[in-house]
Trainee: 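Next up is a structure, given as structure tokens.
Ligands are counted one by one from 1 in listed order, and the atoms in each one are counted from 1 as well. Just so it is clear, the model here is predicted, and its values are computed rather than measured.
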Amino acid sequence: MNFDYDLFVIGGGSGGVRAARLTAQDGHKVGLAEQSRMGGTCVIRGCVPKKLMVFASGYAELMQQAKEYGWDVSNGKFDWPHFITHLNAELDRLEQIYRTNLQKAGVTIHDQRAVLMDAHTVELADGTTYTAKHILVAVGGHPILPDIKNADLGVMSDDLFNLPELPKKMLIVGAGYIGCEFAGIFNGLGSEVSMFVRSAQILRGFDEEARGHIGDAMQQRGVRIHTGCAPMKIEKRGDRIWVKGSNGHEEEFDLLVWATGRNPNTGGLGLAELGVELERRGEICVDEYSQTAVPSIYAIGDVTGRVELTPVAIRDGVAFHQTVFQGNKTPVDHALVPTAIFTQPEMGTIGLTEEEACEQEPTLVYATAFRPMQTTFVGGEERMLFKMLVSKKTDKVLGIHIVGPGAGEMIQFIGIALKMGATKADFDRTCAVHPTMAEELVTMTHPVRDLA
Ligand code: NAP
């Protein structure tokens, strides 16, 4: 059978774009449909603008420190419209790069929504249909609103990059990556930030000690964290939003932000009708080669609900291309993924948490918390945390968790060592780089806990 395309990709985010480019570069005919802006969540409304906001929010503290180091600086005021205009110009530039790279590779771009008609056919919003030998669904996810009266008085993370002004006083509900990162950003920019966290601690799923360390530091920096508190009642009161929490706490805010999780964008795509299996939240079920129950349809990235991180979606896209177009069956590799959470202080993490490690096998816990040289000099009290979990049986490093400046950069290199199967002895025989914070990684000699 003759198809219009060898591959049709639905979704122009990080994963879809990578798979489309690689396949087109091989000389295959590739089409890609994107209903919004090219670049997807990461580039347009996620990692990239978020990181630029993290940078913006760090300057007040840096200027304070600069004074203590002898510089004659005055803080002045933060100009939100200036920053947002600059931010949007940068996002336009990046979006254009994504578009140009696709075109250079020979991908045909359709700036429309596409849905599936059958195992080999997609229909675009304008009614045109295309057939393809393979279809790759890489449509990502979207933030969700909880089911509570007046929830629509709040905004979601997508909206935070385009606020008309910096909010004076805000409430963030939810304490995953997104809630905690934005709490740090707006606190650093000068907003008064409160968080409602329904459980006992922020950042569920991460190492308990690291979560506590970040939570304490965020509070020290001025974020008001209300744990055991979910919003129960929400009302508009004049210009403000009144919120009452399950612990009885009530307060008015200028802005309410929902950071209560994300769901896959599978609604209305026609997947279930074709026999593609979906999980409870709409995640597409795939095998280790990202293939769905319908052999010609594959899915990668956040829409599969596996590991919701940009670099993982990109690698899923590469493995898909290898498997389907290079005759080299390549399973996705989701083991030992290093990642950073750009809270303030930031965290870099890889592998098992202390709780997971000791559940799995007898574990030695190495940990140290100290005040970094640069901020100790200016009277800073915040401590940096280094933590390493080591198998008692094999000496293999099972997990590393770092909280503090540069943690995201450090964990990238640690990732290489752990992927190579590094042992504690390998770290120990590596010479320290002095004076750095990272030297703690090779100088922790005695375990603080022996979890037999
Ligand atoms: P998340 O990690 O699922 O966190 C959702 C938060 O909202 C949790 O604290 C949860 O509480 C809370 N929550 C959920 N429903 C609620 C309700 N009805 N009332 C009150 N609280 C509620 O979601 P996310 O922060 O939106 O992040 C989504 C994904 O994006 C993550 O999985 C991550 O992979 C990705 N991401 C990554 C980065 C990064 O790599 N730096 C940054 C941003 C996002 P409980 O803990 O009690 O359930």
Side-chain angles (χ1 to χ4, degrees), residues 13-15 40-54 140-151 154-161 171-185 194-206 208 210-211 214-215 218 223 225-234 243-247 249 256-265 280-281 283 301-314 316 334 337-350 402-403 407-409 411-412 415:
S14 306
T41 302
C42 171
V43 179
I44 304 299
R45 59 193 90 84
C47 323
V48 172
K50 178 271 311 279
K51 186 81 190 271
L52 289 167
M53 288 177 95
V54 169
H142 61 275
I144 46 174
L145 272 186
D147 186 15
I148 170 170
K149 195 175 163 206
N150 289 332
V155 302
M156 291 184 285
S157 58
D158 290 3
D159 307 308
L160 294 176
F161 307 111
L171 173 67
I172 298 177
V173 180
Y177 282 78
I178 296 179
C180 291
E181 289 181 339
F182 278 112
I185 287 169
S194 297
M195 295 180 80
F196 276 12
V197 182
R198 67 180 176 186
S199 46
Q201 186 55 277
I202 62 168
L203 293 171
R204 182 162 55 82
F206 292 96
E208 288 284 339
R211 294 168 71 191
I214 296 172
M218 283 173 64
V223 178
I225 301 179
H226 301 270
T227 51
C229 180
M232 300 294 285
K233 265 188 157 177
I234 301 166
V243 186
K244 183 166 184 184
S246 51
N247 65 354
H249 182 85
L256 165 64
V257 180
W258 297 110
T260 43
R262 295 174 64 86
N263 277 352
N265 285 332
R280 192 176 52 86
R281 290 188 302 120
E283 306 97 310
D302 286 5
V303 76
T304 63
R306 293 180 288 188
V307 182
E308 292 171 34
L309 297 171
T310 300
V312 173
I314 292 172
D316 288 355
H334 293 163
V337 173
T339 190
I341 301 98
F342 293 100
T343 38
Q344 298 179 31
E346 80 182 40
M347 166 153 70
T349 175
I350 184 169
I402 303 172
V403 180
E409 302 290 343
I411 210 73
Q412 178 66 82

Trainee: Does ligand 1 have a heavy atom under 4.0 Å from the side chain of S157, from its backbone, from both, or from neither?
Mentor: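 None of S157 does.
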Trainee: Using a strict 4.0 Å cut-off to heavy atoms of V173, name the atoms of ligand 1 that fall inside it.
Mentor: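 Within the 4.0 Å cut-off of V173, ligand 1 contributes 20 (C).
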Trainee: Report the member of K51, E181, E308, M156 with the shortest heavy-atom distance to atom 32 (O) of ligand 1.
Mentor: E308
Trainee: Which heavy atom of I225 sits nearest a heavy atom of G215, and at what distance?
Mentor: CD1-O, 3.8 Å
Trainee: Out of M232, R198, Q201, who is nearest to atom 15 (N) of ligand 1 when you count heavy atoms only?
Mentor: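 Heavy atom nearest to atom 15 (N) of ligand 1 belongs to R198.
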Trainee: At a non-hydrogen distance cut-off of under 4.0 Å, which region of L309 contacts ligand 1 (side chain, backbone, both, or neither)?
Mentor: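 Looking at L309 and ligand 1, just side chain atoms fall under 4.0 Å.
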Trainee: Looking only at distances, please establish whether an N/O atom of ligand 1 is found under 3.5 Å from an N/O atom of G174.
Mentor: no
Trainee: Considering only heavy atoms of P146, which atoms of ligand 1 have at least one such atom less than 4.0 Å away?
Mentor: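 The list of qualifying atoms is 18 (N).
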Trainee: Step by step, would you call V54 with E181 a side-chain contact (heavy atoms from CB on, under 4.5 Å)?
Mentor: CA-CA 8 Å; V54 169; E181 289 181 339; 5.7 Å; no
Trainee: Go through ligand 1 atom by atom and flag the ones less than 4.0 Å from a non-hydrogen atom of A259.
Mentor: 5 (C), 6 (C), 7 (O)
Trainee: Could you tell me which atoms of ligand 1, counted from 1 in the order shown, lie closer than 4.0 angstrom to a heavy atom of K50?
Mentor: 41 (N), 42 (C)
Trainee: At under 4.0 Å between heavy atoms, is it the side chain or the backbone of I148 that contacts ligand 1, or both, or neither?
Mentor: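 Neither; nothing of I148 gets under 4.0 Å from ligand 1.
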Trainee: Can you sort out which atoms of ligand 1 are near S199, meaning under 4.0 Å from one of its heavy atoms?
Mentor: 47 (O)
Trainee: For atom 43 (C) of ligand 1, which candidate among F206, Y177, F342 provides the closest heavy atom?
Mentor: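 It is Y177 whose heavy atom sits nearest to atom 43 (C) of ligand 1.
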Trainee: Looking only at non-hydrogen atoms, which of G176, S246, C229 approaches atom 1 (P) of ligand 1 most closely?
Mentor: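 Residue with the shortest heavy-atom distance to the ligand atom: G176.
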